[in-house]
K.L.:
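I'd like to ask some things about the structure below.
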Amino acid sequence: MSTPELKVIEQPVRPSTSQNLPYVIETENLELRYGKKFALKSLSLKIPPGRIHALVGANGAGKSSLFRILLGFQSPTGGEARILGRDCVSLNEHDRARIGFVNEEHSLPAWLRVEDVVKMQRNLYPQWDQKVYRSIVGHFNVGEEQRIRELSRGERAGVNLAMAMAQKPELLILDEPTLGLDVVAKRAFLEAVLASVEATNCTIIYCSHQMEEIERLADNLIVMELGELVHMSSPDEFCERVSLWVAEFPFQTSGAEFLPGVLQVERIDGLFHFIVLDQDENFGELLEDKGARCAWQGAVDLDRAVNAFLTRNHARPLPDNAEPDIAGENGGDAQ
Ligand SMILES: Nc1ncnc2c1ncn2[C@@H]1O[C@H](COP(=O)(O)OP(=O)(O)OP(=O)(O)O)[C@@H](O)[C@H]1O
């Protein structure tokens, strides 16, 4: 079998420059349109260097479209996008060498041994750091002499991450990297991401639907919806915007589910749980005005907050509250 021809990137060894940039990613009115359908719509996004930035959004929000444009795989139909200070439509191989990308496919040449794949990558990237590779791959039970096809999906994900970090990228984009991994592999992957961000200055963009991963990793939460940016802050600040109110309604809720800011209503153990956005203590009074016997505030975690936020414009799971539930006979009917 002939060895694939390798093209060494003549990359000048230079200190990381992204730390001096105000933003590692900067888009201005970015638009990607397919006919009448917008995958990205007037997206103006500015991501500063350093830390782990989580990108979340429902299916079809435009996350992969954004990555394709940022990596120069696709041209936008409008607006501008810059990555590490470079225009995304004219990235050269030096620019690309500064960016790592790992997605859920973890595709590597199946017939090669891990050590051979690593050797190929080392030859391609002059900045390759074998210590970084070893420290990250050490989170996984990978034998260097194993063929890629013999590795589990989680182990392949680990090799991919280790290789991406060993290239010393200034920016690493991880697009649903843990899709299909079991809990053990997921944990190893997350620990490896945290270890690698501590060991390098790399900025990480982490896209996932798994909120427990976001909660564990992210310093910054970016929420996209229908191709637009709808929120950006720390996860804690996002959670501060969202609160849970639990109320007991002896009779009907009298339309309390349509009060301002209501994202989601659930009936759990005979009580109504309202997840609300940007509401203060007065919301309890509003519930009482609507007939609540009592109402109190509870805690809401990031998972629940983000899910309620993303589903707010979809059909609300309105409970059938026509029947009074004074004694709580309908308890335990969480929907
Ligand atoms: N080639 C295409 N032709 C037409 N529409 C497309 C094409 N590619 C993407 N889209 C549309 O663009 C929108 C954004 O898709 P995209 O894959 O970027 O979303 P996403 O946020 O990555 O979703 P997911 O979380 O499901 O991966 C979707 O509505 C999708 O149908």
Side-chain angles (χ1 to χ4, degrees), residues 24-47 52-83 87-89 91 99-107 153-154 156-157 160-161 164 171-181 185-186 189-190 193 203-218 220-233 235 238 263-264 302-315:
V24 286
I25 287 171
E26 190 173 5
T27 74
E28 194 68 47
N29 294 323
L30 190 65
E31 178 197 283
L32 180 63
R33 192 150 48 101
Y34 295 100
K36 286 185 181 161
K37 189 173 192 183
F38 285 89
L40 298 172
K41 203 173 173 184
S42 284
L43 180 71
S44 294
L45 175 66
K46 291 177 170 54
I47 303 183
I52 302 179
H53 304 262
L55 181 63
V56 305
N59 291 130
K63 305 175 297 292
S64 303
S65 301
L66 174 63
F67 291 151
R68 282 199 301 277
I69 291 176
L70 291 175
L71 295 166
F73 298 152
Q74 191 165 7
S75 294
T77 50
E80 286 173 17
R82 298 178 78 78
I83 188 164
D87 191 334
C88 295
V89 294
L91 296 179
I99 306 161
F101 178 60
V102 175
N103 66 7
E104 85 273 18
E105 288 168 17
H106 305 303
S107 47
R153 195 179 164 82
R156 257 186 299 141
N160 251 332
L161 178 68
L171 175 68
L172 176 64
I173 296 178
L174 300 170
D175 188 7
E176 300 203 46
T178 60
L179 208 67
L181 304 195
K186 247 184 218 176
F189 193 91
L190 297 189
V193 170
T203 306
I204 294 185
I205 312 293
Y206 195 94
C207 177
S208 174
H209 291 285
Q210 313 291 317
M211 283 313 135
E212 72 279 4
E213 294 181 3
I214 304 294
E215 202 148 27
R216 173 111 196 262
L217 295 178
N220 186 28
L221 178 74
I222 301 161
V223 187
M224 279 181 68
E225 196 169 61
L226 297 173
E228 293 179 85
L229 174 69
V230 289
H231 180 90
M232 184 157 114
S233 76
F238 180 76
L263 300 175
Q264 193 184 73
L302 187 68
D303 185 19
R304 217 168 161 199
V306 170
N307 285 329
F309 184 79
L310 292 179
T311 54
R312 71 193 184 286
N313 292 325
H314 298 267

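We number each residue from 1, following the sequence as shown. Just follow the structure's listing: the first ligand is 1, and inside any ligand the first atom is 1.
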K.L.:
Which residue and atom name correspond to the protein heavy atom nearest atom 17 (O) of ligand 1, and how close is it?
P.N.:
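Minimum-distance protein heavy atom for atom 17 (O) of ligand 1 reads Ser64 CB, 3.9 Å.
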K.L.:
Output all residues satisfying side-chain hydrogen bond (donor to acceptor under 3.5 Å, both in side chains) with Glu26, sequence neighbours left out; order by chain, then residue number.
P.N.:
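In terms of side-chain hydrogen bond (donor to acceptor under 3.5 Å, both in side chains), with neighbours along the sequence ignored, Glu26 is linked to no residue.
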K.L.:
Return yes or no for this condition: an N or O of Gly57 is under 3.5 Å from an N or O of ligand 1.
P.N.:
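Between Gly57 and ligand 1, no N or O pair is found under 3.5 Å apart.
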K.L.:
Check side chain to side chain contact (heavy atoms under 4.5 Å, CB included) between Phe238 and all other residues, then give those that pass, not counting sequence neighbours.
P.N.:
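Side chain to side chain contact (heavy atoms under 4.5 Å, CB included) list for Phe238, sorted by chain: Leu221, His231, Ser233, Val242, Leu302, Ala305, Val306, Phe309.
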K.L.:
So Leu161 and Leu174, do their side chains get closer than 4.5 Å, heavy atoms only?
P.N.:
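The answer is yes, as the side chains (C-beta and beyond) meet within the 4.5 Å cut-off.
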K.L.:
Can you name the atoms of ligand 1, numbered from 1 with element, that are less than 4.0 Å from a heavy atom of Ala39?
P.N.:
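Numbered from 1, ligand 1 contributes 12 (O), 13 (C), 14 (C).
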K.L.:
Hey, looking at atom 26 (O) of ligand 1, which of Leu55, Asn59, Leu66, Leu40 has the closest heavy atom?
P.N.:
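The option holding the nearest heavy atom is Asn59.
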K.L.:
List the closest protein heavy-atom neighbour of atom 25 (O) of ligand 1: residue, atom name, distance to the nearest 0.1 Å.
P.N.:
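Sorting protein heavy atoms by distance from atom 25 (O) of ligand 1 puts Lys63 NZ, 2.8 Å first.
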K.L.:
What atoms of ligand 1 come within less than 4.0 Å of a heavy atom belonging to Ala61?
P.N.:
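Per the distance check, 19 (O), 20 (P), 21 (O).
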K.L.:
For Met232, run the side-chain contact (heavy atoms from CB on, under 4.5 Å) check against Val223, Asn220, Leu55 and tell me which one passes.
P.N.:
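In the set Val223, Asn220, Leu55, the residue that makes a side-chain contact (heavy atoms from CB on, under 4.5 Å) with Met232 is Asn220.
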K.L.:
I'd like to check whether Gly62 has a polar contact with ligand 1, where a contact means an N/O of the residue lying under 3.5 Å from an N/O of the ligand.
P.N.:
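Among all N and O atoms of Gly62, at least one is under 3.5 Å from an N or O of ligand 1.
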K.L.:
Identify the protein heavy atom lying closest to atom 23 (O) of ligand 1, giving its residue, its atom name and the separation to 0.1 Å.
P.N.:
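Answer, as residue, atom name and distance: Gly60 N, 2.8 Å.
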K.L.:
Provide the number and element of each atom of ligand 1 under 4.0 Å from a heavy atom of His209.
P.N.:
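In order of numbering, the contacting atoms are 25 (O).
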K.L.:
Quick check: do Cys207 and Ile173 have side-chain heavy atoms less than 4.5 Å from each other?
P.N.:
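A side-chain contact is absent here, since even the closest heavy-atom pair is not under 4.5 Å.
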K.L.:
Inspect the surroundings of CG in Leu226 and state if more than 12 heavy atoms from other residues, nucleotides or ligands are less than 6.0 Å away.
P.N.:
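Incorrect, the count does not exceed 12.
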K.L.:
Do other residues, nucleotides or ligands put more than 12 heavy atoms under 6.0 Å from Glu104 CD?
P.N.:
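Above 12, so yes.
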K.L.:
Tell me which protein heavy atom sits closest to atom 4 (C) of ligand 1, plus the residue, atom name and distance to 0.1 Å.
P.N.:
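The protein heavy atom lying closest is Tyr34 CG, 3.4 Å.
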K.L.:
Among protein heavy atoms, which sits nearest to atom 31 (O) of ligand 1, and what does the distance come to when rounded to 0.1 Å?
P.N.:
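Its nearest protein heavy-atom neighbour is Lys37 NZ, 3.0 Å.
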K.L.:
Which protein non-hydrogen atom lies closest to atom 18 (O) of ligand 1, naming both residue and atom, and how far is it?
P.N.:
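Protein heavy atom at minimum distance: Ser65 OG, 2.5 Å.
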K.L.:
Using a 4.0 Å heavy-atom threshold (strictly under), name the region of Met224 that reaches ligand 1: side chain, backbone, both or neither.
P.N.:
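It is neither part, as no heavy atom is under 4.0 Å.
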K.L.:
For Thr178 and Glu213, which I'm curious about, is there any donor-acceptor pair between the side chains at under 3.5 Å?
P.N.:
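On atom types as modelled, these side chains qualify, holding a pair under 3.5 Å.
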K.L.:
Would you say that Leu66 contacts Leu30 through its side chain, given a criterion of any heavy-atom pair below 4.5 Å between the two side chains?
P.N.:
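Leu66 reaches Leu30 side chain to side chain.
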